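What follows is a short report on a single structure.
Just so it is clear, the model here is predicted, and its values are computed rather than measured. A, B, ... follow the sequence lines: proteins, then strands. Residue 1 opens every chain.
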Number of protein chains: 2
Amino acid sequence: MKPSHITIKDIARILGVSPSTVSRALKDHPDISEETRNLVKTFAEKVKYRPNALALSLRKQKTNTLGLIIPEIVHHFFSSVISGMEDLAYGEGYHMMICQSNENYYREVINTQALLDHRVDGLLVSISKTTKEFNHLQTAIDNGTPVVFFDRICDEIETDRVITDDFEGARVATEHLIECGCKKILHLAAPKHLLIGKKRYEGYCHALKSHNIEIKEEFTLKCDTREEVLTMRQHLLDIAPEIDGVFAVNDSTAIAIMQVLQQNGYKIPEQIKVIGFGDGPNATIASPPLSTVEQKGYEMGREAVRMLIQRLENPTAPINYQTKIITPTLKKRSST
Amino acid sequence: MKPSHITIKDIARILGVSPSTVSRALKDHPDISEETRNLVKTFAEKVKYRPNALALSLRKQKTNTLGLIIPEIVHHFFSSVISGMEDLAYGEGYHMMICQSNENYYREVINTQALLDHRVDGLLVSISKTTKEFNHLQTAIDNGTPVVFFDRICDEIETDRVITDDFEGARVATEHLIECGCKKILHLAAPKHLLIGKKRYEGYCHALKSHNIEIKEEFTLKCDTREEVLTMRQHLLDIAPEIDGVFAVNDSTAIAIMQVLQQNGYKIPEQIKVIGFGDGPNATIASPPLSTVEQKGYEMGREAVRMLIQRLENPTAPINYQTKIITPTLKKRSST
DNA sequence: ATAAAAATTTAAATCGTTTGCGGAAGATGT
DNA sequence: ACATCTTCCGCAAACGATTTAAATTTTTAT
């Protein structure tokens with residue numbers, strides 16, 4: 001940002017008119033004569049004049065920038081969300097300022113503050129796992145910066161939200177296993193205190209119940225990472241002879257258990273069918289390709305931005321917060 | 001951005017002093033008496049005054065914002081890069097504005113312009129595959145906005161760069177295959193007009209040459225995505241009987257060919273050994289786990305930001321462009 | 001007591017833009 | 001010839017901060 005960057009003042013000076021005239025000419029204000037307008041416009045074109053977005057934002061009290069706070073970028077689901085957000089936002093003339101909380105409450109607060117300092121028009125937030133206090137976000141809303149939560153929402157704050165229908169996704173996945181003939185289905189679950197853990201567990205139970213399959217407590221194991229599968233390897237192999245299906249709370253857990261089972265001679269899907277949740281890139285790469293539930297990150301991102309812009313551009317509309325639920329869909333591949 | 005957002009003027013008015021005094025008091029300027037300073041500071045604290053970053057940037061002619069143009073966020077390597085950039089940038093008091101080009105030259109130009117309009121202090125760029133013209137970036141540099149290229153660099157523009165030592169990575173990978181006993185090694189390559197395509201090809205050739213293995217033209221195929229592998233399936237299978245090793249230009253291509261080969265009865269690594277490049281999360285998940293070359297995205301991101309900030313904060317330093325080369329390391333797993 | 005020096009504070013310009021209002025011509029009407 | 005419109009343009013304030021230079025008050029020295 002050292003030299004050049006020609007300004008309206010520069011143009012005005014060179015052309016011997018006032019800055020206001022230049023400003024008006026550039027935006028086809030009717031007060032300006034055609035002659036002057038052409039003069040200004042062709043000159044501006046020639047010197048490649050570009051308005052200074054900072055000055056504009058300051059003047060207009062609007063930055064056309066959306067602030068995003070996300071737990072981690074390096075995560076297929078979240079990066080899809082960002083991608084969806086980006087695409088829609090840029091299409092609508094908004095830009096994005098992105099911060100990662102790295103699952104850290106303190107950083108989340110700092111980031112919120114930084115984005116607010118930059119006067120972002122609105123905030124898109126997926127809260128970090130360690131966040132239990134929401135003052136930073138409530139304050140933002142109270143001071144007039146709208147917030148849209150996505151995926152990791154916060155129940156205590158009234159605002160717009162976009163979430164995946166975890167219950168339905170889990171139900172569909174489990175039902176799919178049942179329809180494939182499974183009767184003894186193991187569920188590898190996330191902790192119950194996480195909403196997704198709870199909802200997916202409930203969806204699993206619901207499917208079993210509606211097919212009159214007994215819900216055995218020992219068939220639900222807290223196990224939601226690849227590493228945990230490897231740690232629990234022996235226990236899983238002990239259970240293996242008793243089961244004919246596995247519903248894992250995410251893809252990497254599903255793939256890990258497939259591998260453990262395969263290494264111990266089980267045929268998938270012939271002997272045990274496995275289904276995951278998420279549909280990241282490794283679902284297709286797994287052998288056999290993993291059936292899973294497609295969690296629409298890209299779509300969720302678009303939807304969140306859509307809701308936010310909607311609110312930004314109808315500031316007078318009655319505040320009637322919405323929760324948009326995105327229904328995941330079954331992706332049948334070869335593991336079931 | 002509707003109500004509140006208290007300003008220095010507000011504070012000045014309420015306290016009955018001038019804005020300049022408030023400004024100085026807040027930053028411990030020696031001209032201000034202790035009494036006034038305390039008055040101002042405690043009041044500012046009480047009303048949670050936060051300076052308006054836009055006004056500051058406009059005044060200071062410095063935004064403390066770095067612009068990033070990246071081909072695709074949904075890509076493990078690139079999202080690691082972003083993560084590294086974010087971490088370092090925030091630590092140094094800079095923010096990031098992120099745009100995806102989606103491998104589209106036109107969007108890359110638009111994005112560059114948008115970032116420049118926002119007066120980012122510097123640009124971090126990995127050029128899109130379809131970009132063959134670099135005027136937009138050269139202009140940025142000429143107008144005083146430093147640019148650091150990373151990964152997908154551009155030879156025609158003189159500036160700082162951070163790259164993976166693609167030649168060395170490819171050489172090490174190929175050499176590893178040779179050491180494992182391979183003599184007939186197929187290379188699935190990226191287009192030659194991309195530097196990474198060229199360099200990795202050269203590394204492959206170098207390794208062959210130094211072991212006195214003939215370089216056969218028909219053993220290098222332009223094929224750098226999973227989809228392309230599936231499209232070329234038949235041709236690949238025709239070649240398969242003639243080879244005992246594959247060096248693929250990236251992991252997903254490597255995994256795809258492993259699967260095609262396995263589906264047609266080839267044993268990996270017994271009959272054909274396969275090595276990839278990148279070390280994304282699916283390398284561990286593949287069956288067998290894929291040997292590959294670890295491309296250090298996070299580190300590359302940090303390094304690019306480090307170089308950029310270095311230049312921003314030493315504007316008078318002699319322009320002595322650097323190219324930082326990050327050497328990837330071999331990750332031996334079970335596919336070789 | 002009074003000038004000079006030191007300590008505080010304020011006014012005003014600036015960054016780049018927009019916009020309400022007023023003003024100077026020229027055109028039109030009577 | 002004079003009032004009244006139009007048409008076209010510029011002045012100046014505003015957005016929220018910083019900073020130079022000038023003004024004010026207080027202190028010190030003579």
For this session: Round to the nearest Å and state the distance from A:Leu26 atom CG to C:dT19 atom C1'.
Result: 15 Å
Exercise. Are the charged groups of A:Arg302 and A:Glu299 less than 4.0 angstrom apart, N to O?
Worked result: no
Exercise. Is the closest side-chain donor-acceptor distance between A:Thr7 and A:Asp10 under 3.5 Å?
Worked result: yes
Exercise. Under 3.5 Å, side chain of A:Ser128 to main-chain N/O of A:Pro71, donor-acceptor pair present?
Worked result: no
Problem set entry | Lys/Arg N to Asp/Glu carboxylate O, B:Lys41 vs B:Asp28, below 4.0 Å | yes
Exercise. What does nucleotides 6-16 of chain D look like as a protein-contact string, B for base, S for sugar-phosphate only, - for none, at under 4.0 angstrom between heavy atoms?
Worked result: --BBBBBBBBB
For this session: Take atom CG of A:Asn64 and atom P of C:dT17, then tell me their distance rounded to the nearest Å.
Result: 16 Å
Exercise. Just checking, any donor-acceptor pair under 3.5 angstrom between side chains of A:Asp87 and A:Tyr298?
Worked result: yes
